[in-house]
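Residue numbering restarts at 1 for every chain, and letters A, B, ... go by the order of the sequence lines.
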Number of protein chains: 2
Amino acid sequence: MDTGDAFDPNCPTRLVLDRIGDKWSVLVLLSLADGSMRFTELRNRIGGVTPKVLTQTLRAMEGDGLLTRKVFAEVPPRVEYTLTELGHSLHGPVAAVTHWAEQNIGRIMESRAALDHTR
Amino acid sequence: MDTGDAFDPNCPTRLVLDRIGDKWSVLVLLSLADGSMRFTELRNRIGGVTPKVLTQTLRAMEGDGLLTRKVFAEVPPRVEYTLTELGHSLHGPVAAVTHWAEQNIGRIMESRAALDHTR
DNA sequence: CAGTATCCATAACGATACTG
DNA sequence: CAGTATCGTTATGGATACTG
C-alpha cells in the first residue's frame, strides 16, 4: 500500500492536503486551468476573496511551483498568473474530488439533517 | 464545464474541501478503508491526534454520512467505526490526490528552495 | 493595476485532567 | 475503553485603508 507514509508527520500527503485544504487554492487552480489570468481577473472570478488573502494564496502556490508570476514592465502594471506543468498535473486529481463533491453533496446534506434526532 | 458552481459560496466543493482540508479526516478515511476500527486503534494508528480532536473528526464525518459509529453494550465498552458506502466512494478521489502528492513532493520541495533567492 | 499594511475575530488545534 | 471538560496557543481569514 502506498498510504503508509500518510501517517508520517513529514509526509507529502500532509503538505499537499494543507495546500488544497485552504479555501482559495483550489479555486485558483480551477480558474487558471483554462489559461493565464491577471490579479484582478482572479479576484473578480473568485468572489469574496480579499487582495491580501489572494496574494498569500498565489505566493504560496508560486513557491510550490504550481504557477508562475510574470510581471510586465508597463504602465499600468500587468501581472499574469499561469499554471505550470506541475500545476496542470494537479488539476486532474483535484477535479476528481470536486466532481465527487458535486455528485454526492445531496447525500451529505441528507445525512446532516437525518442525524440530528439520533444524537 | 462542471467547475462553475465551485465559485458559489454555497457550492458542494467548498463543503467537501473543508472536510478533507483538515489534518485528520483524510487519515481516518485511509485508516478505515481497510476495515472497521475502534477508537483507540484509530488513535494509535494516527499518531499525534488527541482524543478531543479525533472525536470531533469522527463526529463530523459521521454527520456527513461518511462513516457509522456502532456502540456495543459491553463492559469494557466497545465502539466500532466503519466507512459507509459513501465514505468508500470518496476513497478513490482522495487516493488520487495523495498519490499525486507522493509522486510530486520532490518537485514541490525543489521549488520551495529554488524560489528563495528570486524574491 | 496590483498589490501592502494594519488590525481584528474566529476557530482549529493541542495539552492536560477527569469520567461513565 | 471511549470518551468529555477546560484552558490556552496559534494560524487563518477578513475588513479596511493606503501605495508604487
Student: Tabulate protein N/O versus nucleotide N/O from nucleotides 3-6 of chain D, keeping only pairs under 3.5 Å, one per line.
Tutor:
residue: D:dG3; atom: OP1; partner: B:Arg69; partner atom: NE; Å: 3.3
residue: D:dG3; atom: OP1; partner: B:Arg69; partner atom: NH2; Å: 2.5
residue: D:dG3; atom: OP2; partner: B:Tyr81; partner atom: OH; Å: 2.5
residue: D:dT4; atom: OP1; partner: B:Arg59; partner atom: NH2; Å: 3.2

Student: Is there a side-chain polar atom (N or O) of B:Thr50 under 4.0 Å from OP1 or OP2 of C:dA15?
Tutor: no
Student: Measure the distance from CD on B:Glu80 to C1' on D:dC1 and round it to the nearest whole Å.
Tutor: 12 Å
Student: Nearest to the B:Pro77 side chain among C:dG14, D:dC1, C:dA2, which nucleotide is it?
Tutor: D:dC1
Student: Kindly point out which of D:dC1, D:dG14, C:dG14 is positioned nearest to the side chain of B:Val53?
Tutor: C:dG14
Student: Measure from the side chain of B:Arg38, starting at C-beta and using heavy atoms only, and say which of D:dC1, C:dC1, C:dC13 lies closest.
Tutor: D:dC1
Student: Checking B:Thr50 now: which residues fulfil side chain to side chain donor-acceptor pair (under 3.5 Å) with it, not counting sequence neighbours?
Tutor: none
Student: To the nearest Å, give me how far apart CZ (B:Phe72) and C1' (C:dG20) are.
Tutor: 19 Å
Student: Sort by first number and list every stem of DNA chain C: at least 3 consecutive Watson-Crick or G-U wobble pairs, both distances under 3.5 Å.
Tutor: C:1-20 with D:1-20
Student: How would you list, by chain and number, every residue that makes a side chain to side chain donor-acceptor pair (under 3.5 Å) with A:Arg43, sequence neighbours excluded?
Tutor: none
Student: Taking salt bridge (Lys or Arg N to Asp or Glu O under 4.0 Å) as the test, write out the residues that go with A:Arg69, two or more places apart.
Tutor: none
Student: Could you state the CG-P distance from A:Leu27 to D:dG13, rounded to the nearest angstrom?
Tutor: 12 Å
Student: Which residues satisfy the salt bridge (Lys or Arg N to Asp or Glu O under 4.0 Å) test with A:Glu41, sequence neighbours excluded?
Tutor: none
Student: Go through the structure and list residues passing salt bridge (Lys or Arg N to Asp or Glu O under 4.0 Å) with A:Arg38, not counting sequence neighbours.
Tutor: none
Student: According to side chain to side chain donor-acceptor pair (under 3.5 Å), who are the partners of B:Thr57, at least two apart in sequence or on a separate chain?
Tutor: none
Student: With distance as the sole test, does A:Asp22 use its side chain to make a donor-acceptor pair with the main-chain N or O of A:Trp24 at under 3.5 Å?
Tutor: yes
Student: Measure CD/B:Glu74 against C1'/D:dC1 and give the value in whole Å, please.
Tutor: 11 Å
Student: Round to the nearest Å and state the distance from B:Asp22 atom CG to D:dT12 atom C1'.
Tutor: 14 Å
Student: Name all residues meeting the side chain to side chain donor-acceptor pair (under 3.5 Å) criterion together with B:Ser36; count only those two or more places apart in sequence or in a different chain, and write none if there are none.
Tutor: B:Thr82
Student: Are any non-hydrogen side-chain atoms of A:Ile108 and B:Leu86 less than 4.5 angstrom apart?
Tutor: yes
Student: What's the CZ-P distance between A:Arg19 and D:dG13, to the nearest Å?
Tutor: 10 Å
Student: Nearest-Å distance, CZ (B:Arg78) to P (D:dA2)?
Tutor: 9 Å
Student: Which whole-number value in Å describes the distance from A:Lys23 NZ to D:dA11 P?
Tutor: 18 Å
